[in-house]
Amino acid sequence: MKRFAIIFCAFVSVLGVQSAKAWHNFAHGSIAYMAEQHLSPEAKSKCNYYLRHTLSHYASWMDAWRLERFEVVNKSHASMSMPDGINLDFKSGDPAGGVMGHLVNALAELGDGKYKNLPDSVVRQRLINMAHYVPDMYCPSHVLFPESVHPSQKAHKLYEKGKKLGYHRFWDHCLGREGRVKWEYEELAAAVDKVSKKRVAEIQSGSLEDWGRDIIRLAQRSIEIVPMGTDVAYMPEEQVAAVRELVYEAAVLGAYRLAYVLNTIFADKNIPVYNDKK
Amino acid sequence: MLMAGEACAFRGFGHQTIAAIADNHLTENTKREVYSILKADNMVKHANWVTSQRSRAKRVSEWQYATLDANGKSTTTYENDGVVVIEKAAEVLRNRKNESDSLVFASLCTLIEIVGDIHCPGNIHIEGNEATKNFAFTRWNGRKVEEKNRLKSKWREMWHDYTKTHDVFTPQYYAEDLEIILLKKKAEYEKGTPRFWAENVGEDVVWCLKVIYPEAEVTNETVYRYEDINNRCMAKAGYRLAALLNNIFKQ
Amino acid sequence: MKKISILIFALVAILGVQSAKAWGGFGHGAITYITEQHLTPTAKAECRRYLNHTLPWHASWMDHWRAVPPYQKLDKLHSFTATADGDVNWDSGKGKAVNLVKKTIKKLENDKYKSLPDSVVRYNLLVLIHALPDIHCPVHVSFSKKEFPQYKYTIRKNGKKLKMHKFWDASPGFTREGWTYEKYAAEVDNLKRGAVKKIVKKGNIDYWTRDIVKQAHRIYDITTPNIDVAKMSDKKKKEVTDLADEQVLKAAYRLAYVLNGIFK
Amino acid sequence: MKKILLFSAFVLSVLTANAWAISSEEAAVILATRNICPKAQKFVKKYLGKTFDDDIRYIYSKEARQIVPHNREIHYLHLDKNLQPMNVGKNDAYVAIEKAMEVVRAYKSHSKIVVTRALRTVICLMVDIHHIANIRIENIPHSQRDFSYKYHSTEVGKKKDKLEEANWSKLGKNCGGYPRGFSGEWRAYDMTIYLGDRFAEYSKGTLKDWAADNGAIAARYLAIYKPNAVVSCLDHKYTDPVTYDLMVKASCRLAALLNGIFK
């Protein structure tokens, strides 16, 4: 444990100048790699047919192309808003609706076998986008809380050896480069992917509404664990362990739910958005 | 009737195509009134009236530009700015009963042409960004490697060339071609006011300038790939013109 | 709901720079425009579904993307060599354009296109609507120096040197400045049903190529060496445009026959 | 406590991203050994053993220089005006590959060590000639050495209109430029999906054709990428699929060479 704490602090101090993207490239690749291990054979062959690459190859494509003026890329594919403070906004994929709206649209368009009568390049583009934003939802710094729940989320500055560090950037760079600088996807998956069968069944079920509650829980815990003004380089061990555990849970949720979404789409089924209302 | 409207970025042929797109989406009542004012059975014939008036009044040639302020918002009140001209023309048409016939005809023709003008990325000027006026960059046809095969092209000429290559289409056929994939976005494109339209096209200009900028070395494929933006701008101009006219000539 | 369109593998709309490569912009556009008038409704709808545009929009796609990886192998597939007795010279390796046409048709016909992914069908369509008219261009039939040494010469325009290839590529638009496709089709496209049947000959491509090679010999009688194209007599100009129109109509009807056959 | 902190910071900054840089070359070799006939597989297993790390970097190692004294130029493919290999003497990838292949073809009459070195030279140089940055074309002067150019990167958030500086060798060797973290094994799996059933098409032709093919692609990009040129960022992004495709071609063509021994 001690070894991890030291290296973790050293790792944080060597943070390269990264723009505040979502999970940074390495994290996206490894989460997509983990998702790929749990794809059903049907989903795997279909993904290979459409993408002609692995999911981890296209995992951070949306970040690389987010600012191009082609029709396919929408600007804000990371943030999620909570208008009523309780549930995520499920309405539409526009910037206001945020990422969960994108997932609702994609499932409505591809689910129940409807993907078969779409042109293959459109389905291909949906898969590339999903491989990016489904894990993106679980990055703890991606939920914009309303004022009532968390008054000063924007001013939630952290420090690193005295220097200012963005709250968003800290959470983006947690996953992945612990310990050795050059982890490969297999090694990170080995460290993160220790999930019991029961937990997997629990993750890969429920409606999008339940998933939204998981996201909010993660985001709120991330604010409790690393409150405003903490200096990240000198965190005690328990705090570092809590950060690591939260980040691993986010990765597991992202990977298994991405695999679950693809498995259901290519098994001609669909995922309910809301729990069946009376 | 190919106008020699070389100066404006969409050229005569581009304006005629936008008028053709708008023709398809006018309501019956609007058609009756518009065609009676124009004394013609479609808007395509009068799509270049403003460029024909340039020799008479110099300030008319400024109407094609829309200037946005530094952060891309359209807040100008300069009377010769494209957006202000559209708003004035719409006012005149709204209370057309007590306006002279020639003024109503003139403002209808300016509306048809200037709505198309502000939708051309070559016509949007942004304060503090000299590149939006006009600049040169080199284009390469991808075949011969020597230096002398570089095409010296300009920012406004690029948007100009997209319509020039389809000169052999008729405006109606060009409109039909554009609407194959862009018709389903009509409801989304129709929204907004002229100021919002100029800002919307301003966004495209800002991002295109990150790909094509002064002294950039560009292959032809990059320019080909951005024709998609030109198609969208023309379709937007057509649908928004139709929506504006339907709104003005409502019962 | 925002419909997200196609990007990396499928190509976005292509600009047609007026370049005097195969048939030139006007020639290809005119052929594909006439083809579109004679397509069955299902064929027309399917073509537009795959191409996202009308046929003339993408008519010169192969000319503009021939130098871009991964399509460089298309660079040499625009023309073919003919033997002395009027057949395609297969072993010279230069008979490629005809080979390309046959291969794309074989890939798409008998409902095979239904099992192919959209982007592959789109690519083959883009190639087909350019390659088939290309082989109909009389100057795209190259004759070897040994057998026809007398065919290697240039002509003139207002005194300046002009390549045969450049002139005959733009021959449909010769003496027709400012024409649109619609006007060209109205003037030229007036074949009776019987004449069409004779041209198409139930899709026998070998007959087509032999006929093309026969026509290709005629251009060397019309534009003799060092003739000044601008000062030709009206009768001579009509000969040029008649030959060009004949080839344009053949290309258009044969392409329509092939596309109607594919998208039954 | 302080010393450990300083030491680990030092370790992190010194370790260059070397291990990841060759993941795509390593993947090319793994993919090649999977696509060759059983006889060739036995042959490779006998002479090369399992790991490929040192095979790929063999030509850079001291051992290789002692056997065949050569300089840095051996990694480069020298082409003349119409993209045919220029025989520049022994310091040229094309010449070195042909010489090594003769030894490998006559493996019966050579000792094990000689054949192993020849085989590893072929592997290393076949991968090198498929990097467009390693191709020297006679009539393009700026292709003779590395140079830097500028481009406008749109992916870097809200950075005011600043032009990024980049090197031609970095672009010419980025093999698809997608996120680091791919191990050789996983990238080889990615390449198998990309290849699908196109092995025959990708491994057609002779060494001379492949050199001309790579030269044509390099010449195409060298016309835009010049010292201090300002390149549009769309062109910059669209080189990634091409460099990826070249690395897949490298593995198929290497497999074709190895299959050729036992035809």
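Computed from a prediction, not measured in an experiment: that's the story for all the values here.
Outside the 6.0 Å centre-distance limit, the rings of Trp186(D) and Tyr185(A) are not counted as a close aromatic pair. Between His57(A) and Tyr244(D), the gap from one ring centroid to the other is short of 6.0 Å.
Screening residues 195-204 of chain D for side-chain hydrogen bond (donor to acceptor under 3.5 Å, both in side chains) gives Tyr202(D)-Asp245(D) as the qualifying pairs, with residues at least two apart or on separate chains.
Between the side chain of Asp190(D) and the backbone N or O of His53(A), no donor-acceptor pair lies under 3.5 Å.
Nearest heavy-atom pair, Arg52(A) versus Ile193(D), reported as atom, atom and distance to 0.1 Å: C-CG2, 3.8 Å.
For Asp120(A), there are no salt bridge (Lys or Arg N to Asp or Glu O under 4.0 Å) partners two or more places apart in sequence or in a different chain. Applying the salt bridge (Lys or Arg N to Asp or Glu O under 4.0 Å) criterion to Lys62(D), with sequence neighbours excluded, gives no partner residue.
Applying the 6.0 Å contact sphere to NZ of Lys116(A) captures more than 12 heavy atoms from other residues, nucleotides or ligands.
Using a 4.5 Å heavy-atom cut-off against chain D, the contacting residues of residues 35-43 of chain A are Glu36(A), Gln37(A).
In this structure, OH in Tyr194(D) is found 14.5 Å from CG in Asn48(A), a value given to the nearest 0.5 Å.
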